[in-house]
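In what follows, residues are counted from 1 in the order of the sequence shown. We use all heavy atoms of the structure for the numbers below, so side chains are in, but hydrogens, waters and symmetry mates are not.
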Amino acid sequence: MKRLVLLFSALLMILPQAGLVKAAAPAAYVALGDSLAAGQTPNRAIDLGYADMIAMELRRHIPLAFYSKDLTYPGLTSGQVLERVRSDEARPVLEHATLITVSSGANDLLGLVRYDPRTGTLAYDQIPADYALNGVRKNTAAILDELAERAPRATVYIMGYYFPYPHAREEMKPGLRKELGRLNAILKKEAEAAGAVFVPVEEAFAAEGSQLLPNPADVHPTLEGYRRMANAFFKSSPYGLTVEPWEVPPPNPVSFEEMNRRMQEADGRSADASGETFSRSAVDEHLQGIHAIYFNPSDMPEGFSFSV
């Protein structure tokens, strides 16, 4: 009898997560934003990012009606993310989204930073930084207003940012750390004001920034860094999930040129097609594609439809 009780207790320890997600409704997940949302690597390629890992983990536990990061792109500022949210391309995808993550705002500030990876020096001008952060505030509020209208079913998560220059000289870091703190504070305040959820990620990088951002000349993380961002999301969400290290596939980076070729082929065009706008990409069951879309009509709630 004692062994039976111990076995039952052990089962209770492993079942809460499964029970929690089993009861969850099918998810329709859309990622929005900059290179972190797109999954840019430290070597100017695209691989699995935090959004892909979120989608992968959700698929393991609950129905995933569809997933798209087709509205992400490296280098987008908060104003450009707002333009994408307002675009005709975004409307049908956002209309039925139930989960949205947004990475937006860092490029507004980092575009002003003068960083020399050889010497580790950092510099920026305060007045342009103040102006940029005020723009982030206005654009974030506008993005959230647009999402409230265009994605009425969705819970929106605003992703925070880590310190992107761990290889800089220590005496150069405090000023920019302060500005990144201001950026995160703005994102948190605007998210909470709109009923969205802010996801802090800085702590997940703080102790191992140099390892998670291994290229001194690049601000993008490794797969392990993206895994930590995905888990920061899950920590802030009701899903109760965790992306374990063994669940992350080996690196499979794709160059920007190859990404464009795949997207052209997915839209039924030849690889040398040019001057056309990509609306969606091919289904890739292993999430090794770039802008993957999963669409399983059988997983959708009754009365739920989707078209592009």
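- The stretch residues 200-213 participates, sequence neighbours left out, in these side-chain hydrogen bond (donor to acceptor under 3.5 Å, both in side chains) pairs: Glu208-Arg228.
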request  = Report the C-alpha separation of Gln126 and Glu179 in whole Å, then their side-chain angles, then the decisive distance to 0.1 Å, and conclude whether the side-chain contact (heavy atoms from CB on, under 4.5 Å) test is met.
outcome  = CA-CA 9 Å; Gln126 189 63 57; Glu179 302 307 324; 3.2 Å; yes
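- Closest approach of Pro250 and Leu223 over heavy atoms only: C-CD1, 4.2 Å.
- The hydrophobic clustering, which links ILVMFWY residues whose side-chain heavy atoms are closer than 4.5 Å, places Leu112 and Val136 apart.
- Taking the side chain as every heavy atom from C-beta outward, Pro214 and Thr222 approach each other to under 4.5 Å.
- Applying the ring pair (Phe, Tyr, Trp, His ring centres under 6.0 Å) criterion to Tyr157, with sequence neighbours excluded, gives Phe233.
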Taking it one step at a time, do Glu224 and Arg227 satisfy salt bridge (charged side-chain N to carboxylate O under 4.0 Å, His left out)?
-> CA-CA 5 Å; Glu224 171 59 17; Arg227 186 185 73 87; 2.8 Å; yes
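- Listed by first and then second residue, the salt bridge (charged side-chain N to carboxylate O under 4.0 Å, His left out) pairs involving residues 240-252 are Arg60-Glu247 (not counting sequence neighbours).
- Residues satisfying the salt bridge (charged side-chain N to carboxylate O under 4.0 Å, His left out) test with Arg150, not counting sequence neighbours, are Glu146.
- Minimum heavy-atom separation, Leu76 to Gly33: CD1-O, 3.5 Å.
- Inter-residue side-chain proximity for Val85 and Val102 is flagged as unmet; no heavy-atom pair is nearer than 4.5 Å.
- Summarising the geometry of His167 relative to Leu213, their closest heavy-atom pair is NE2-O, 2.6 Å, with the distance given to 0.1 Å.
- Residues satisfying the ring pair (Phe, Tyr, Trp, His ring centres under 6.0 Å) criterion with Tyr161, sequence neighbours excluded, are absent altogether.
- Side-chain contact annotation: Thr41 with Asp47, donor-acceptor N/O pair under 3.5 Å absent.
- Between Glu95 and Arg91 there is no salt bridge, since none of the side-chain N atoms of the basic residue sits less than 4.0 Å from a carboxylate O of the acidic one.
- The only member of Leu58, Val30, Asp52 that meets side chain to side chain contact (heavy atoms under 4.5 Å, CB included) when paired with Tyr67 is Asp52.
- Residues Tyr162 and Met229 form a side-chain contact, since some pair of their non-hydrogen atoms from C-beta on lies under 4.5 Å apart.
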Can you check side-chain contact (heavy atoms from CB on, under 4.5 Å) on Asn231 and Glu57, steps first, answer last?
CA-CA 10 Å; Asn231 284 338; Glu57 195 65 22; over 6 Å; no
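- For Glu171, the side-chain contact (heavy atoms from CB on, under 4.5 Å) test picks out Arg169, with sequence neighbours left out.
- In this view, Glu190 satisfies the salt bridge (charged side-chain N to carboxylate O under 4.0 Å, His left out) rule with no residue, not counting sequence neighbours.
- In this structure, Tyr50 and Tyr226 approach most closely via the heavy-atom pair N-CD2, 3.3 Å.
- Ile158 pairs with exactly one of Ile186, Leu187, Asn184, Val197 by the side chain to side chain contact (heavy atoms under 4.5 Å, CB included) rule, that one being Leu187.
- Not a single ring pair (Phe, Tyr, Trp, His ring centres under 6.0 Å) links Phe234 to another residue, sequence neighbours left out.
- With sequence neighbours excluded, no residue forms a ring pair (Phe, Tyr, Trp, His ring centres under 6.0 Å) with Phe198.
- Smallest separation of non-hydrogen atoms from Gly225 and Phe205: O-CZ, 3.5 Å.
- Residues meeting the salt bridge (charged side-chain N to carboxylate O under 4.0 Å, His left out) test with Asp125, sequence neighbours left out: Arg114.
- Taking each heavy atom of Ala37 and Thr72 in turn, the nearest pair found is CB-CG2, 3.6 Å.
- Every salt bridge (charged side-chain N to carboxylate O under 4.0 Å, His left out) that Lys173 has, sequence neighbours left out, goes to Glu170.
- Ion pairing between a basic and an acidic side chain is recognised when a charged N comes within 4.0 Å of a carboxylate O; Arg44 and Asp218 show no such pairing.
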As a quick check of understanding, evaluate side-chain contact (heavy atoms from CB on, under 4.5 Å) for Met53 and Val248, giving each step before the final call.
CA-CA 8 Å; Met53 294 185 193; Val248 178; 3.9 Å; yes
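- Sorted by first and then second residue, the salt bridge (charged side-chain N to carboxylate O under 4.0 Å, His left out) pairs involving residues 26-42 (not counting sequence neighbours) form an empty list.
- Evaluated for a side chain to side chain donor-acceptor pair (under 3.5 Å) with Arg137, the options Thr140, Asn139, Asn134 yield exactly one hit, Asn134.
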